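The structure under discussion appears below in the form of structure tokens.
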2 protein chains.
Amino acid sequence: MSPRKSAAEARRTRERIVGRSVAIASVDGLDGLTLGRLAADLEMSKAGVLGHFGTKEALQLAALAEASAIYTRLVWEPAADLPPGLTRLRAVCEYWVDYLETARDIFPGGCLFTTASVEFDARPGPLHDAVRRLQLRWRRVLLTDLTTAVANGELPADTDPEQLCFELVGLYLGLNQSIQLLADPHAPARTRRALDRLLTPPPR
Amino acid sequence: MSPRKSAAEARRTRERIVGRSVAIASVDGLDGLTLGRLAADLEMSKAGVLGHFGTKEALQLAALAEASAIYTRLVWEPAADLPPGLTRLRAVCEYWVDYLETARDIFPGGCLFTTASVEFDARPGPLHDAVRRLQLRWRRVLLTDLTTAVANGELPADTDPEQLCFELVGLYLGLNQSIQLLADPHAPARTRRALDRLLTPPPR
DNA sequence: CCTACCGATCGGTAGG
DNA sequence: CCTACCGATCGGTAGG
């Protein structure tokens with residue numbers, strides 16, 4: 001029926017599948033994502049969907065990688081060229097809040113990264129490993145600027161960067177819960193207030 | 001084959017099913033819980049399991065209610081008789097950390113309440129409503145002692161109880177992630193340090 | 001990228 | 001609480 005497609009068309013189809021997978025998994029989880037649902041949404045056959053990935057697990061990993069790419073593009077890249085240290089860190093944290101506030105068209109069920117973190121936190125396998133690796137990578141990004149900020153005297157000298165990083169991640173998880181589960185309109189402002197307090201230069 | 005059981009035996013069987021459901025759902029989520037798996041674990045038939053609840057959704061709600069009861073028993077009740085305000089709040093927060101650190105035999109995949117919060121945060125229905133209600137109830141418990149603590153002068157007068165409650169919940173979510181996904185042995189100590197800073201009486 | 005399958009498992013029901 | 005089913009859906013394969 002459908003003629004065989006060119007490589008460029010195949011790539012576009014693959015992108016459509018991954019984009020739709022990210023949206024579905026954001027709501028239903030990466031396990032709630034099924035080939036049948038995906039095929040129906042995209043008006044394709046299940047075999048046509050699966051052909052691009054081979055297995056469902058490979059599709060789940062592709063969706064997670066795409067979510068990570070979106071996150072990097074929206075949260076990290078806009079701040080990448082700012083001066084390392086407190087300046088860049090504050091910008092990243094601001095983009096981070098914006099991302100949770102506004103990326104609802106891409107992630108109708110909230111940050112896929114957070115959903116997947118909880119979904120696979122206790123289930124060994126490639127998805128657990130991938131989620132864990134991405135989470136550690138992101139914490140290292142924060143830690144780098146935190147350490148620089150302390151070295152620059154932009155944060156109090158007795159600041160423990162690991163401790164502050166832990167607290168920043170907690171704020172973000174709480175923001176995601178308040179937006180998604182509670183639909184609390186004040187949560188972004190609360191997060192910004194907490195960030196201001198945590199990321200304030202020492203008195204001099 | 002099996003003779004009909006007495007009401008007391010039926011109650012015991014129901015408790016066994018719910019207990020096993022909590023453990024499975026802690027790892028695989030309330031949707032990952034299946035009647036077939038449950039029946040195999042308990043060496044019963046699927047119909048025997050389902051007979052106690054009628055539908056899978058009723059079983060999921062029962063597992064969630066049990067998780068909430070466990071949480072209340074381990075986190076709230078040990079502190080219930082302490083003086084309202086900062087004293088009781090600090091005790092509750094300490095039991096809260098202990099609970100995440102040590103309840104791994106009951107919740108092998110971490111606090112079921114947190115897992116369910118993320119699983120159903122964007123999916124309307126009775127489970128979403130139940131998770132949301134329980135989360136709001138718990139936040140109100142924290143808020144009560146926070147408000148009392150400010151009124152008693154045990155926290156700085158300019159403290160916003162809602163803001164502090166938001167930050168406490170974030171810490172807890174971060175602790176769950178650090179324990180489950182990252183297996184970070186320092187996370188409980190970090191949480192206690194952050195709690196100390198957040199719940200310190202004003203200088204006088 | 002499709003049609004046409006496969007065995008396994010899903011939640012749930014009938015009837016005892 | 002069991003056996004014996006039901007239709008629907010799962011991930012995946014064969015073959016084109």
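The chains referred to below are lettered A, B, ... by the order of the sequence lines, with proteins before strands, and numbering in each begins at 1. Nothing here was measured: the structure is a model prediction, and the numbers come from that model.
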> Okay, side chain of A:Gln180, backbone of B:Ala122: is any donor-acceptor separation there less than 3.5 Å?
Replying inline: no

> Any side-chain donor-acceptor pair under 3.5 Å between A:Trp96 and A:Tyr71?
Replying inline: yes

>> Does A:Arg137 have more than 12 heavy atoms from other residues, nucleotides or ligands lying within 6.0 Å of its CZ?
In response: no

>> Between P on C:dT9 and NZ on B:Lys56, what's the gap in Å once rounded to a whole number?
In response: 15 Å

>> Categorize A:Thr34 for me: base, sugar-phosphate, or nothing, with a 4.0 angstrom heavy-atom threshold over every strand shown.
In response: sugar-phosphate

> Side chain of A:Thr55: nearest nucleotide among C:dC1, D:dG12, D:dC1?
Replying inline: D:dG12

> Which one, D:dC1, D:dG11, C:dG11, comes nearest to the side chain of B:His52?
Replying inline: D:dC1

> Given D:dC1, C:dG11, C:dT3, which nucleotide is nearest the side-chain atoms of A:Ser45?
Replying inline: C:dT3

>> Using a strict threshold of under 4.0 Å (side-chain N to carboxylate O), is an ion pair present between A:Asp160 and B:Arg190?
In response: yes

> Hey, does B:Gly36 reach any base, or is it just sugar-phosphate, or nothing, if we go heavy atoms under 4.0 Å?
Replying inline: sugar-phosphate

> Within this structure, what is the CZ-to-P distance between B:Arg37 and D:dC10, rounded to whole angstrom?
Replying inline: 21 Å

>> Rounded to whole Å, how long is the line connecting atom CD of A:Gln60 with atom C1' of D:dG11?
In response: 11 Å

> What's the CG-C1' distance between A:Asp31 and D:dT9, to the nearest Å?
Replying inline: 15 Å

> For the pair made of CG in A:Leu35 and P in D:dT13, what is the distance, rounded to whole Å?
Replying inline: 11 Å

> Roughly, in whole Å, what's the span from CG in B:Asp28 to C1' in C:dT9?
Replying inline: 15 Å

> Rounded to the nearest 0.5 Å, how far apart are CG of B:Leu143 and CG of B:Leu136?
Replying inline: 11.0 Å

> Taking the side chain of A:Ala47 as heavy atoms from C-beta outward, which of D:dA14, D:dT3, C:dG12 is closest to it?
Replying inline: D:dA14

> CG of B:Leu50 versus C1' of D:dC5: gap in Å, rounded?
Replying inline: 15 Å

> In whole angstrom, what separates A:Leu59's CG from D:dG11's C1'?
Replying inline: 11 Å

> Is the shortest side-chain N to carboxylate O distance from A:Glu66 to A:Arg14 below 4.0 Å?
Replying inline: no

>> Taking any heavy-atom pair under 4.0 Å as a contact, classify A:Leu33: base, sugar-phosphate, or nothing.
In response: sugar-phosphate

>> Do the side chains of B:Arg193 and A:Glu167 get close enough for a salt bridge, i.e. N-O under 4.0 angstrom?
In response: no

> Under a cut-off of 3.5 Å for both distances of each Watson-Crick or G-U pair, what dot-bracket string does DNA chain C give, using [ ] for crossing pairs and | for inter-strand pairs?
Replying inline: ||||||||||||||||

>> From the set D:dC10, D:dC1, C:dG11, return the single nucleotide nearest to any side-chain atom of A:Lys46.
In response: D:dC10

